[in-house]
Amino acid sequence: MTAMEKKDPFIAGICIPAVGEAGKTGDWSDLKPVIDQAKCIPASKNKPACFLCWLYCPDAVVTMTIPVTIDLDYCKGCGICAEECPANAIKMVRKVECDESL
Amino acid sequence: MSHCELITGNEAAAYAVKLVKPHVIAAYPITPQTSLSEKISLYIESGEIKAEYVTVESEHSAMTVLISASTMGARTFTATSANGLLYMHEQLHWAAGSRLPIVMCCVNRGVGAPWSIFNDQQDSFSQRDAGWIQMYCRNNQEIIDTVIQAYRIAEEVYIPVMVCYDGFILSHTMMPVEIPEESLVQEFLPPYTPHTEISPESPKTVNPVFFPWRRENHEGVLCDGYMEKRYKLQDALLHSADIIRRTNRDFAAMFGRDWGGMTWEYRTDDADIFIVGMGSLAMEATVAADELRRGGIRAGVLGIRVFRPFPCREVADALRGARAIIVFEKCVSYGQTGGFSTDLKAALYGTGITAPLHNYVAGLGGRDVKARELTEAVEGSLTAIDGGDGEHKTVWLNCFTG
Amino acid sequence: MQEILWYGRGGQGVVLAAQILAESAFLQGYRGVTSAPMFGPERRGAPLTASTRISPESIRIVSQIEAADISVVLDESLMDIMSVAGRTRKGGLLIINTARTCGDFTIDGDFRIAVVDAARIAREKHMFFGGLPTVNTPLLGALARVSGIISLDYIEKGLKMKMPDTHAYSNFEAIKTAFERTRVTQEGT
């Protein structure tokens with residue numbers, strides 16, 4: 001019994017922090033961030049700058065890249081990136097409208 | 001070399017802690033545990049115990065400190081009594097649910113209100129369902145030996161162990177105690193390996209919210225929900241009985257003292273009257289059994305050493321030939337009967353054992369219980385039972401009820 | 001089994017005396033030895049008891065002593081407020097720290113009475129603790145003299161288990177003096 005217990009990786013309530021450990025969480029929201037790359041500072045200047053959206057995202061789904069991308073599989077639509085963006089480049093759009101626009 | 005010293009129960013427990021070499025100790029003093037935490041402080045001050053002693057502001061914090069330390073792989077110890085134990089209550093569940101092999105001494109004392117600093121077993125009894133192993137000691141030698149055994153049991157099954165012994169009656173009474181040799185203790189007790197490695201290189205999230213359902217992790221593996229976790233704890237507790245029995249056998253082979261594993265028996269070979277009890281009260285009952293035998297009554301004692309997991313197999317085997325079962329207990333399940341006898345009756349259901357069971361709630365809040373009084377109580381019960389009264393009965397011994 | 005009850009006041013070393021006797025008896029070869037203070041809070045000056053049990057066999061009794069084979073009274077004034085004689089067993093022994101003689105005590109009870117002026121001995125030896133004469137250890141000498149259960153040699157060894165050698169030396173001097181000066185009535189007085 002005990003030998004088995006020691007091998008049981010689920011003996012206690014322990015998880016490994018990893019992308020998707022708690023399943024996809026992007027469908028929790030009804031708002032999604034949409035980036036206007038023309039306004040976005042790193043994209044428009046084509047150099048690493050600003051990245052406040054990356055810094056403030058509580059779910060770490062924003063990339064520090066050019067262009068900036070957001071992983072919508074895990075974005076919970078909180079809108080902090082839109083709030084923080086100094087160039088007003090991020091708009092929170094209702095998911096339904098977002099889907100319609102695609 | 002082992003040697004013998006005259007020491008109190010609290011000193012015996014402190015000595016055991018010194019021998020098992022814990023890494024982290026956190027305790028908050030409370031009567032009658034105080035002299036134990038004081039002794040450990042002295043050992044740390046003198047360097048005889050090389051451990052981090054965290055002086056906390058409460059018992060709740062003491063257990064919380066140990067939960068963190070044990071999670072990271074530290075061997076840990078604490079001790080408390082009565083309302084201190086109750087203040088720990090939430091963290092007791094947390095320690096067991098996290099499957100941490102924390103060892104704690106509960107120096108048994110009555111619970112307030114109204115205040116008492118004197119002995120009974122209501123404190124640990126009231127923590128029965130927290131998921132801990134509970135062991136009860138009958139004398140100071142058993143205290144030192146049981147604390148040592150508790151670490152091996154806990155670290156093998158990943159369940160915390162509460163070593164319970166009667167406040168004042170054992171904690172403050174000097175008795176001869178053979179101190180085990182340190183090198184033998186180290187041989188008996190392998191180093192503690194935590195069930196899960198947690199380090200900066202291998203980070204983990206500990207005890208996030210568990211849902212009613214099972215879930216897939218990032219690798220697509222279906223993981224436990226809350227209920228599976230609870231089942232695993234229960235399953236481990238039930239199976240820990242085997243480990244407790246084996247640990248006792250191994251200890252006896254190495255140190256020459258056999259405490260009986262889950263239960264112990266005194267003069268039961270030809271007994272048909274069984275006195276059942278836990279802790280020092282059961283030891284006192286062995287004197288009553290001798291006295292009853294001088295009066296022609298074939299009495300024996302079944303001592304309960306491990307209360308959780310409940311020794312179902314042992315009590316059914318022991319009590320098979322019983323004509324009467326007389327339980328003495330220092331705890332109450334309010335709204336039911338005595339705390340221990342409630343469980344004993346449940347364990348006997350379906351075993352075919354139908355002997356009348358009388359239980360005596362005794363010694364609450366330190367009221368003295370003498371062997372003579374136990375003898376008289378058993379004689380009184382037998383008079384009723386032999387007179388054809390087969391009913392189960394509860395009596396409060398030496399209690400002046402209006 | 002011999003059951004010994006010690007009567008004194010908080011600060012007189014009642015518990016220590018009970019423990020020294022236990023250590024001495026254990027060293028002398030008794031397998032069963034226990035010693036306990038009166039359970040509960042301790043207060044300086046308050047009446048209290050401590051107990052020692054001594055037996056050739058290991059002891060399984062942990063309840064309080066109902067009646068003592070030997071009662072040792074460190075503070076005579078306690079005789080008026082505690083039932084000392086009533087808790088001394090028939091055929092037993094009552095040892096009192098007093099300046100009076102055995103004949104001065106008119107106590108009903110079928111036991112011997114032994115007296116020793118432990119306070120005077122302590123003053124002679126300049127042994128004081130907390131401003132009071134040390135009477136606990138001299139009474140061990142009286143006990144060795146009249147109880148027949150423990151020898152002076154082992155009292156000396158027991159002392160050394162509980163205190164540094166220099167203290168043990170001066171205490172043992174007082175114990176020997178008490179041993180000499182202890183006077184006892186005949187059985188059944």
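As the structure is a computational prediction, the values presented were derived from the model and not from experiment. Chain letters run A, B, ... following the sequence lines, proteins first and then strands; every chain starts at 1.
- The main-chain N or O of C/Val115 is never found under 3.5 Å from a side-chain atom of C/Arg183 such that the two would form a donor-acceptor pair.
- Scanning residues 361-369 of chain B against chain C with a 4.5 Å heavy-atom cutoff picks out B/Asp368, B/Val369, ordered by number.
- We find that C/Arg123 and C/Asp117 are not joined by a salt bridge, their nearest charged nitrogen and carboxylate oxygen being 4.0 Å or further apart.
- Ion pairing of C/Glu180 with C/Lys176 is absent here, as no side-chain N (NZ or NE/NH1/NH2) approaches a carboxylate O to less than 4.0 Å.
- With a 6.0 Å cutoff to the six-membered ring centre and a 45° limit on the axis angle, B/Lys39 counts as a cation-pi contact of B/Tyr43.
- For C/Arg53, no part sits under 4.5 Å from any heavy atom of chain B, backbone or side chain.
- Listed options B/Cys4, B/Pro176, B/Pro32 were ranked by heavy-atom pairs under 4.5 angstrom with chain C; first place goes to B/Pro176.
- For C/Arg89, the side-chain hydrogen bond (donor to acceptor under 3.5 Å, both in side chains) partners are C/Glu3, C/Asp69, not counting sequence neighbours.
- For B/Arg138, no part lies near chain C; criterion is any non-hydrogen pair under 4.5 Å.
- Taking chain C as the reference chain and counting heavy-atom pairs below 4.5 Å, the highest number among B/Met283, B/Glu5, B/Glu373, B/Met175 is found for B/Met283.
- Between the side chain of B/Gln134 and the backbone N or O of B/Ser124, at least one donor-acceptor pair lies under 3.5 Å.
- In terms of non-hydrogen atom pairs under 4.5 Å with chain B, the most contact-rich of C/Ala36, C/Ser58, C/Ser51 is C/Ala36.
- Every pair passing side chain to side chain donor-acceptor pair (under 3.5 Å) that includes a residue from residues 274-287 of chain B is listed here, sequence neighbours excluded: B/Asp166-B/Ser280, B/Glu284-C/Ser63, B/Thr286-C/Arg60.
- Only the side chain of B/Ile117 comes within contact range of chain C, judged by heavy atoms closer than 4.5 Å.
- Looking at C/Phe39, both its backbone and its side chain come within 4.5 Å of chain B, counting heavy atoms on both sides.
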Tell me which donor-acceptor pairs under 3.5 Å the side chains of residues 70-82 of chain C have, and how far apart each pair is, sequence neighbours excluded?
unit_1: C/Ser71; atom_1: OG; unit_2: C/Thr88; atom_2: OG1; d: 2.7
unit_1: C/Asp75; atom_1: OD1; unit_2: C/Ser77; atom_2: N; d: 2.9
unit_1: C/Asp75; atom_1: OD1; unit_2: C/Ser77; atom_2: OG; d: 2.6
unit_1: C/Asp75; atom_1: OD2; unit_2: C/Arg9; atom_2: NE; d: 3.1
unit_1: C/Glu76; atom_1: OE1; unit_2: C/Thr98; atom_2: OG1; d: 3.0
unit_1: C/Glu76; atom_1: OE2; unit_2: C/Thr98; atom_2: OG1; d: 3.1
unit_1: C/Glu76; atom_1: OE2; unit_2: C/Arg100; atom_2: NE; d: 2.9
unit_1: C/Glu76; atom_1: OE2; unit_2: C/Arg100; atom_2: NH2; d: 2.9
unit_1: C/Ser77; atom_1: OG; unit_2: C/Arg9; atom_2: NH2; d: 3.1

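- Judged purely by distance below 3.5 Å, without hydrogens or angles, the side chains of B/Tyr165 and B/Asn140 never pair a donor atom with an acceptor atom.
- By number of non-hydrogen pairs under 4.5 angstrom with chain B, the leading residue of C/Thr34, C/Val15, C/Ile59 is C/Thr34.
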